[in-house]
Amino acid sequence: MSALVAAEVVLASLLLLVLLVLAFVWLRRRIIADGGPLLMCALCTQAEPRWRLGLVRLTDDTLEWFSVVGPSVRPAYSWSRHHLDLASPEPLGDPIPGLPTDAVTVSGHCGPLPCGLALSPAASTTVRAWLESSPPGFNVNVA
């Protein structure tokens, strides 16, 4: 095998690998979205005090956080709507790559543990509205 043919094989293999990675990222995002919208969000917990960029999915009764990078299609963190308590949004001090420059932080308690979320102002409003609304079927017979 000549050097030119070997270089072409290596280049084709690398191109195929890049295409497979991109297809996997796209497919993972589609599976995580599950037909609904996702929000870009950074998470800071007591166990991990640095901001980690991820995706937030709002379901009927849970807020689920997924890491942006990784093979898992299961949420890294999941909080019940009834155990989530968020404070008012505050301006973000240092910018987080992947979030808009006008991002805000929302601190609160996710169950018994303190946590912080960094979101765009529109995503913060979306999470606040979701948190304050009733889930389907909850208190249906209230007059």
Using the test salt bridge (Lys or Arg N to Asp or Glu O under 4.0 Å), find all partners of Arg52 that sit at least two apart in sequence or belong to another chain. Glu48

Going by heavy atoms in the side chains, are [X] and [Y] under 4.5 Å from each other?
| X | Y | answer |
| --- | --- | --- |
| Pro97 | Leu53 | no |
| Thr126 | Leu58 | yes |
| Thr62 | Arg81 | no |
| Leu27 | Val25 | no |
| Glu90 | Val104 | no |
| Asp102 | Pro121 | yes |
| Phe66 | Val73 | no |
| Met40 | Leu119 | no |

Indicate, with yes or no, if Ile96 and Val69 share a hydrophobic cluster defined by side-chain heavy-atom contacts under 4.5 Å among Ile, Leu, Val, Met, Phe, Trp and Tyr.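 Same cluster: Val69 reaches Ile96 through Ile, Leu, Val, Met, Phe, Trp or Tyr contacts under 4.5 Å.
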
Among Leu43, Leu39, Thr105, exactly one meets side-chain contact (heavy atoms from CB on, under 4.5 Å) together with Leu117. Which residue is that?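 Result for side-chain contact (heavy atoms from CB on, under 4.5 Å) with Leu117: Leu43.
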
[X] side, atom [atom1]; [Y] side, atom [atom2] - distance, nearest 0.5 Å:
| X | Y | atom1 | atom2 | result |
| --- | --- | --- | --- | --- |
| Ile32 | Ser67 | CD1 | OG | 9.0 Å |
| Thr45 | Tyr77 | OG1 | OH | 4.0 Å |
| Glu64 | Leu38 | CD | CG | 10.0 Å |
| Glu8 | Ser2 | CD | OG | 7.5 Å |
| Arg29 | Asp34 | CZ | CG | 11.0 Å |

Go through the steps for Trp26 and Phe24 under the test ring pair (Phe, Tyr, Trp, His ring centres under 6.0 Å), then give the verdict. CA-CA 5 Å; Trp26 178 81; Phe24 173 75; over 10 Å; no

What closest approach, in Å, do [X] and [Y] show between heavy atoms, and which atom pair accounts for it?
| X | Y | result |
| --- | --- | --- |
| Trp130 | Asp61 | CZ2-C, 4.2 Å |
| Val106 | Ala87 | CG1-O, 3.3 Å |
| Val68 | Arg28 | O-NH1, 3.1 Å |
| Cys41 | Val56 | CB-CG2, 3.3 Å |

